[in-house]
Structure formats: structure tokens, C-alpha cells
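Numbered from 1 within each chain, the chains take letters A, B, ... in sequence-line order.
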Amino acid sequence: MTLPEALPREFFLQPTLAAARALLGQTLVRRFEDGDIATGRIVETEAYRTDDPACHAFRGETKRTKTMFGPAGHAYIHMNYGLHYCLNAVTSPVGCAEAVLIRAVEPLAGLERLHRNYFGDGVPPFDADLPIDKRLGAGPGRLTKAFGIGPGLEGTDLTDVSSGVYLAVGEGVADAEVVTTTRIGITKGAELPWRFYVAASRFISRR
DNA sequence: TAGACGATAGCCT
DNA sequence: GGCTATCGTCTAA
């Protein structure tokens with residue numbers, strides 16, 4: 001399979017809210033160590049800005065948030081609730097810490113590999129004839145599990161097709177299909193309408 | 001160095 | 001709809 005073209009660095013230098021909106025309809029590409037490829041269409045994102053109390057970097061740079069203060073277009077991956085990893089794309093220049101959280105994707109390619117990552121070799125067995133299981137992409141902790149994204153990929157350059165994970169040019173999404181709403185699962189800044197999703201997608205974590 | 005808590009998901013009722 | 005597992009990081013002492 002030919003690898004899709006990566007998004008350019010400038011994409012991640014647009015204002016964070018614009019980048020969160022623009023990431024809908026783009027493609028998440030995962031290249032596994034053994035050469036397997038899996039891709040997904042991004043259908044849900046959230047913006048986190050440095051002036052935002054819900055942003056991990058709100059209180060300044062720490063060991064955890066170091067990559068958010070680094071160059072745009074890199075992956076900020078963190079664990080929360082001691083159980084799940086979340087994938088973010090850094091969207092601000094060096095010294096400024098903003099990012100877009102990828103909350104949901106629609107699996108496009110590498111379905112069997114995603115299924116195995118998520119469920120192991122157990123149940124339910126993979127069946128290419130069934131509709132794609134929503135758990136492979138609908139939720140920030142789920143997509144990282146299915147795509148095998150963990151702390152080992154922290155800081156990865158998402159604009160480089162040779163990276164283990166990167167973001168590629170997709171078909172985009174028309175404005176009429178996009179819903180803008182408040183963010184999920186946070187207590188601070190929860191009223192800010194900084195979550196975007198594709199209305200028609202099955203793979204939305206919450207409506 | 002201890003204590004609190006969080007950008008969730010899965011299982012139970 | 002409610003409950004809770006589980007751990008890295010931050011914060012205060």
C-alpha cells in the first residue's frame with residue numbers, strides 16, 4: 001500500500017481551534033514495527049489552549065507537558081485514569097503549549113490488525129464481513145489501544161511519513177457536516193465549545 | 001515523600 | 001445510569 005501524503009508543518013501552526021476543525025476528515029496513519037499499516041479517518045477532536053484551565057500546560061511547563069511546548073506537528077501522548085492513553089497533535093510554535101486531542105477515528109485500513117490490538121486473539125473473532133466494531137475508534141482511549149499508540153511514540157513527528165504514526169491528507173469534511181459543542185470528561189473549562197465532530201459518523205464517542 | 005486526582009472505559013444493576 | 005480500576009504526575013509539606 002502506498003503511504004498517504006503527510007500534512008505539512010504549517011497545518012499545525014494555524015490557530016488551535018481552526019486546526020481542531022481542520023483535522024476532521026484527515027487521516028491517522030500508523031506504521032507498526034513489523035511493517036503493518038493501519039489508517040483511520042479523524043471524526044472527532046477537541047482543542048486545548050494554553051489559556052485554558054483544562055489544558056495540562058495551563059500551569060506552565062513540566063516534565064509531562066514538555067512536548068506541548070515544543071514544535072508544532074509532534075505527538076503529545078499522556079496517560080489518564082491510570083488506564084488509557086490519549087493522542088494529541090501539538091498545534092503551537094515552540095514556547096507556546098496548545099494541542100488538539102484526537103477523540104475518535106473511523107478505521108479505514110488494517111482492520112484485522114486493529115482488531116487484534118484491541119481484542120487480542122480472543123473474542124469476538126475478526127470477521128471482515130461484519131460492520132467495523134465501534135470500539136476500534138470511538139473514544140480517545142480506544143483508538144490509542146487499537147492503533148497501538150503508547151508512551152513509546154511520545155514526541156513523534158506527525159508530519160513525517162517515516163514516523164511510526166503520522167497525520168495524512170484526507171478528503172476533509174464540509175462545514176454542514178460539522179458539529180461544534182462542549183468538551184467531554186473535564187471539570188475545568190467544560191463550557192467552552194471546543195469539541196468538533198462529524199455529525200454523520202458512527203464513530204463518535206458521545207453526542 | 002505522601003496524598004489527591006484526572007482530556008476514560010467496561011461492567012454491573 | 002452508576003461504580004470503579006489503576007498509575008503517572010503534580011502539589012504541598
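Judged by Watson-Crick or G-U wobble contacts below 3.5 Å, the nucleotide C:dT6 has no partner. B:dA7 makes up no base pair with any nucleotide shown, lacking Watson-Crick or G-U wobble contacts both under 3.5 Å.
A salt bridge between A:Arg183 and A:Glu46 is absent, with no side-chain N of the basic residue lying under 4.0 Å from a carboxylate O of the acidic one. A salt bridge does not link A:Arg31 to A:Asp36: none of the charged side-chain nitrogens sits closer than 4.0 Å to a carboxylate oxygen. Look at A:Glu33 and A:Arg30 and you find a salt bridge, because one of the NZ, NE, NH1 or NH2 atoms lies within 4.0 Å of a carboxylate O, short of that distance. A:Arg142 and A:Asp133 are not joined by a salt bridge, as no carboxylate oxygen comes within less than 4.0 angstrom of a charged side-chain nitrogen. A:Glu44 has a carboxylate O that lies under 4.0 Å from a charged side-chain N of A:Arg195, or vice versa, which qualifies the two as a salt bridge.
Looking at residues 181-200 of chain A, you'll see A:Ile184, A:Gly185, A:Ile186 sit with a heavy atom under 4.0 Å from some atom of DNA chain B.
When ring centroids are compared, A:Tyr76 and A:His78 come within the 6.0 Å threshold.
Within the 4.5 Å cutoff, no side-chain heavy atoms of A:Tyr85 are placed close to those of A:Asn80.
Running 5' to 3' along DNA chain B, contacts with non-hydrogen atoms of chain A at under 4.0 Å begin and end at B:dG6 to B:dG10.
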Worksheet, complete the sentence: Going 5' to 3' through nucleotides 2-11 of chain C and flagging B where a protein heavy-atom sits under 4.0 Å of the base, S where only the sugar-phosphate is that close, and - otherwise, we get ---BBB-SSS
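The only option from A:Thr16, A:Thr180, A:Asp175 that meets the side chain to side chain donor-acceptor pair (under 3.5 Å) definition with A:Arg21 turns out to be A:Asp175. The side-chain contact (heavy atoms from CB on, under 4.5 Å) test with A:Ile42 is passed by exactly one of A:Leu167, A:Thr27, A:Val100: A:Leu167.
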Item to complete: Evaluate side chain to side chain donor-acceptor pair (under 3.5 Å) for A:Thr91 paired with A:Gln14, printing each intermediate quantity in order.
Response: CA-CA 7 Å; A:Thr91 54; A:Gln14 57 188 317; over 6 Å; no
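A:Phe58 comes within 4.0 angstrom of no nucleic acid atom, judged by non-hydrogen atoms across all strands.
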